[in-house]
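Comments concern the structure below.
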Amino acid sequence: MTFDERLAAIRASMIGHKLEALVAIHDGAHFIETPNPVFVLSGFKSLGPAAVVLARDGEASLIVTPAWDVERAAACCPGLRVIAADDVVDALESACSSHRSRGGKLGIAGLAATRWDIAGRVTEVVPQASAADDIVFDAAAAKTVEEIAHAREATRIAELGYARLVEIARPGMSEDELALELKWHTKTLGAEDNFLLLCAGPRNPAVAPSNGHVMQRGDVLVAEITPSYRGQLAQICRTATLGPANAELKRKYELLVRAMNAGIQAARPGAPMASVCRAINTVLEAEGYGEYCHPPHIRRRGHGLGFGSIRPGDVSLDNNTVLTEGMVFMIHPNQHLPETGYLLCGEPVLVTARGAEPLTQQRSALVEIGL
Amino acid sequence: MLAMNPTLLVGPADWNAARMPKAEFVARAGALWRDIPSATGVIVYGDRVNHAELAYLTNFTPKLEAALALIPRDGTPQLLVGGGVNMLPAARSLTFIEELRPLRNVGKTVAEWARAHGGGAPVLIGSAFMPYGFHQEIAAALASGVKDKTAELRRLMGRKSARELAVLREACAALDATVAAMRAAQGSGAGATAAVLAGEQAANRRGAQDIRTLFSLDGGRTLRPFEALVERAVDPLQVYVAVRQLGYWAEGFAVLATSPQPCAERAGDVLRRAVARTQAGERCGEIARGIAQAGHPPHPVTARVAGNAIGLAIEEHPLIVAGCEARIEPGGVYGLRVGLSDQRGHAIVSAMVAVHEQGNEVLWSSPEAA
């Protein structure tokens, strides 16, 4: 799928929903869990609040703040009319005026996640607009050719980042120091951002943002390394020990790898996402960890990857999204086990006609960092 | 100045009791109660993008998901942390608040808390930053007409304490080291992003909590965030740097060049005059007007806003903009910037100024304005 084909699919859906125009809004707070309809419709990652007005059969306009960022936006989006603005809502009101005067039906995407001082005003500008998130994000469930290439590059950077972690992580270093160094290192490789969760301890209750905890010999180090390359995230989930790992930890980690492989095997076109989760759970249940396959221990076995669309959504038992070629998402049976604490194990995959293709060169394996 | 917001905050944010003791936070809350005597408590929202007010009252920086502080006038404050119960251990070292709970069922939680603490009239802080759905849930749960008192708190935040000023000086020292590292890299022929990254690494190694950068590939005409590696060397290289140390931001512009830059020198002259004018009691609008008259033609980046107060947020109020009637306050710390752009060249320079009862003190300035 190309970007233009995706835009055509969205316009076709707008016709089906009898929408005259569609407004996408985003407040500039880029987050892995929050889809960004402006990015989907424009490919532009904004500094500040931004909006797109997509006419069903006419032009598309990108409103960008701060106004001085307009040239970067125009270079990124040659097919869009780019409007420089100091206030996104004022500019949106002007951009929507012709559509409103025609009395056509408007749709809006992104409102729920937008900060109140912007969202509240937007609802006054387009008071009758109906929710159109599904129109935008359904069309973006499969990645474009360009997004897939970017996901591959982000994965390459993530693997190099992990190699750097293994090289430098040592007792006496704080989690914060290690996280800063890794984020910086992945930036030197071309990642413009990194959703980097990293923590260490003898028995981690979860993976969490780093803090000042000073790592000790024997700690289990868990890391979700998630670089973004040109706005496309990819993630690897890894576990390493500072010093030798005990035999039980090795056995349990191998169990997680088997569970992950079962999930990857189950992810193929036509399969519902829930079946991927079920395949992972089945491996763990067979080893007596059935109760750990559900909340509060675990709520999902993977997720979509933004910053644009986060479809196909969570790898969870209640997600019946049917997998199609071109979808990119995480499969990670990240699991708290009573004997080991929380362990991370996961790969980004691309759904192809032949099944799920891990984007990584090396799949997850427990690493013992020599001291 | 706005730079790209990261998806997750990475960097040291633990509460440092020696540098910012609990008594400092207690005094801040006490001052707030005096300013809003009818409030039975405050509900303070913060997320990874906007959390200066939350940090001011709790020291907590939400690195991942949003947080909500429930601070009663009488009683024990609570901090509700997004992400579930498993996130609490990692959050504990970031605040002096001892009662931490997962942030869930927000409407029900705040309604019950409000009833338990005097029933009637808690106020909101930071409600503008709440996501639309989150705000609706809180508004529906609380009595109609619940008031937002962010502006009142910001007035208190504007006057920095001695401890805050000490931290801001450290942030400015980190900014200085960052710019120096960028200058050294650029001077030795490093590519544009390599030079910027050299500065970012210098900041990290000084223990910076965060660093944000913008740079120019066209001689300072436009600014951009890091999007991809740019291997070619750029001279002059206009940079914008914001460094956060122990919660507090310092920001600055610099023109990195291997030859004299007349445009930057002219901007430096204008900036020096603006700094001299930044005295207690001066109207912000007058400072902006002085810059606009002397610094012509203005750079698009600085044309609308010539500065702002700075501290726990990169951009605090008041803004140094035309027509602003707010006055420069003693105890305030301000960032001032001057940008020029015409056919002869482009440059933006800046300074950070602490304003005292008598006179002011330049905490940092672009070398062109020193």
Side-chain angles (χ1 to χ4, degrees), chain A residues 27-34 45 47-48 65-69 71-72 86 111-120 123 174 176-177 179-184 187-190 192-199 205-206 208-213 226 228-231 233 296 299 307 336 342, chain B residues 1-14 47-50 63-65 83-94 127-136 193-194 197 200-201 204-205 207-209 214 221-229 299-305:
Chain A
D27 59 13
H30 308 284
F31 189 48
I32 189 171
E33 301 266 348
T34 308
K45 192 176 175 195
L47 291 170
T65 70
W68 53 260
D69 201 25
E71 286 194 39
R72 186 174 69 94
D86 292 322
L111 191 67
T114 299
R115 50 186 267 190
W116 166 250
D117 59 345
I118 295 170
T123 59
S174 76
D176 281 332
E177 286 174 274
L180 278 173
E181 176 65 21
L182 275 189
K183 183 172 180 183
W184 179 83
K187 200 167 178 180
T188 68
L189 299 169
E192 96 276 357
D193 200 354
N194 194 334
F195 180 85
L196 179 60
L197 288 176
L198 179 159
C199 62
S210 57
N211 65 18
H213 167 71
T226 320
S228 171
Y229 183 77
R230 295 185 182 272
L233 293 159
R299 71 183 168 91
F307 286 113
H336 177 270
Y342 200 77
Chain B
M1 269 286 294
L2 191 59
M4 191 66 80
N5 290 305
T7 181
L8 175 77
L9 300 181
V10 174
D14 286 15
D47 56 34
R48 69 200 174 287
V49 177
N50 298 289
K63 288 186 163 187
L64 175 59
E65 297 200 37
V85 70
N86 286 336
M87 289 293 122
L88 300 184
R92 209 164 285 285
S93 62
L94 276 59
S127 67
F129 310 134
M130 294 175 181
Y132 182 67
F134 191 99
H135 185 276
Q136 285 190 313
T193 49
L197 286 165
E200 294 191 7
Q201 188 176 42
N204 288 344
R205 292 193 171 163
Q209 182 177 341
L214 300 166
R221 193 177 68 81
T222 61
L223 288 179
R224 60 178 52 238
F226 181 103
E227 294 177 304
L229 296 172
H299 194 287
V301 170
T302 59
R304 197 176 72 84
V305 181

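Just so it is clear: chains get the letters A, B, ... in the order the sequence lines come, proteins before strands, and each one is counted from 1. Side-chain atoms are counted along with the backbone in the values below, which use heavy atoms only and exclude waters and symmetry mates.
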To the nearest 0.5 Å, atom CZ of B:Arg304 lies from atom CH2 of A:Trp68 at 11.5 Å
So which of [options] has the largest heavy-atom pair count under 4.5 angstrom toward chain B?
{"options": "A:Asp86, A:Thr123, A:Thr65, A:Asp69", "result": "A:Asp86"}
{"options": "A:Glu177, A:Lys45, A:Glu33", "result": "A:Lys45"}
{"options": "A:Glu71, A:His336, A:Arg115", "result": "A:Arg115"}
{"options": "A:Leu198, A:Thr114, A:Asp117, A:Leu197", "result": "A:Asp117"}

Based on non-hydrogen pairs under 4.5 Å, which of [options] is most in contact with chain A?
{"options": "B:Arg224, B:Arg221, B:Gln209", "result": "B:Arg221"}
{"options": "B:Ala128, B:Ala194, B:Pro131", "result": "B:Ala128"}
{"options": "B:Thr222, B:Leu223, B:Asn86", "result": "B:Asn86"}
{"options": "B:Lys63, B:Met87, B:Gln201", "result": "B:Gln201"}
{"options": "B:Leu64, B:Leu197, B:Leu9, B:Leu94", "result": "B:Leu197"}

Less than 4.5 Å to any heavy atom of chain B: does that hold for the side chain of [X], its backbone, both, or neither?
{"X": "A:Asn211", "answer": "both"}
{"X": "A:Ala113", "answer": "backbone"}
{"X": "A:Lys183", "answer": "side chain"}
{"X": "A:Ala112", "answer": "backbone"}

Can you say whether [X] sits under 4.5 Å from chain A via the side chain, the backbone, both, or neither, judging by heavy atoms?
{"X": "B:Thr193", "value": "neither"}
{"X": "B:Val301", "value": "both"}
{"X": "B:Asn50", "value": "side chain"}

Which heavy atom of [X] sits nearest a heavy atom of [Y], and at what distance?
{"X": "B:Ala208", "Y": "B:Pro12", "answer": "O-CD, 3.4 Å"}
{"X": "B:Ala90", "Y": "B:Ser93", "answer": "O-OG, 3.7 Å"}
{"X": "A:Glu181", "Y": "B:Arg205", "answer": "OE1-NH2, 3.8 Å"}
{"X": "A:Ser174", "Y": "A:Gly212", "answer": "CB-O, 3.7 Å"}
{"X": "A:Pro66", "Y": "A:Leu47", "answer": "CD-CB, 4.0 Å"}

With sequence neighbours left out, write down each residue that passes side-chain contact (heavy atoms from CB on, under 4.5 Å) with A:Thr226, or none if nothing qualifies.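 A:Thr226 satisfies side-chain contact (heavy atoms from CB on, under 4.5 Å) with A:Ile32, A:Asn194, A:Phe195, A:Glu224, A:Leu233, A:Gln235 only.
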Which of parallel (below 30°), tilted (30 to 60°) and perpendicular (above 60°) describes A:Phe307 and A:His30?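 The arrangement is perpendicular - the two ring planes meet at more than 60°.
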Are the side chain of A:Glu192 and the backbone of A:Gly231 linked by a donor-acceptor contact shorter than 3.5 Å?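 Here the side-chain-to-backbone pair exists.
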Between B:Val10 and A:Trp184, is the side chain to side chain contact (heavy atoms under 4.5 Å, CB included) condition met? List the steps. CA-CA 10 Å; B:Val10 174; A:Trp184 179 83; over 6 Å; no
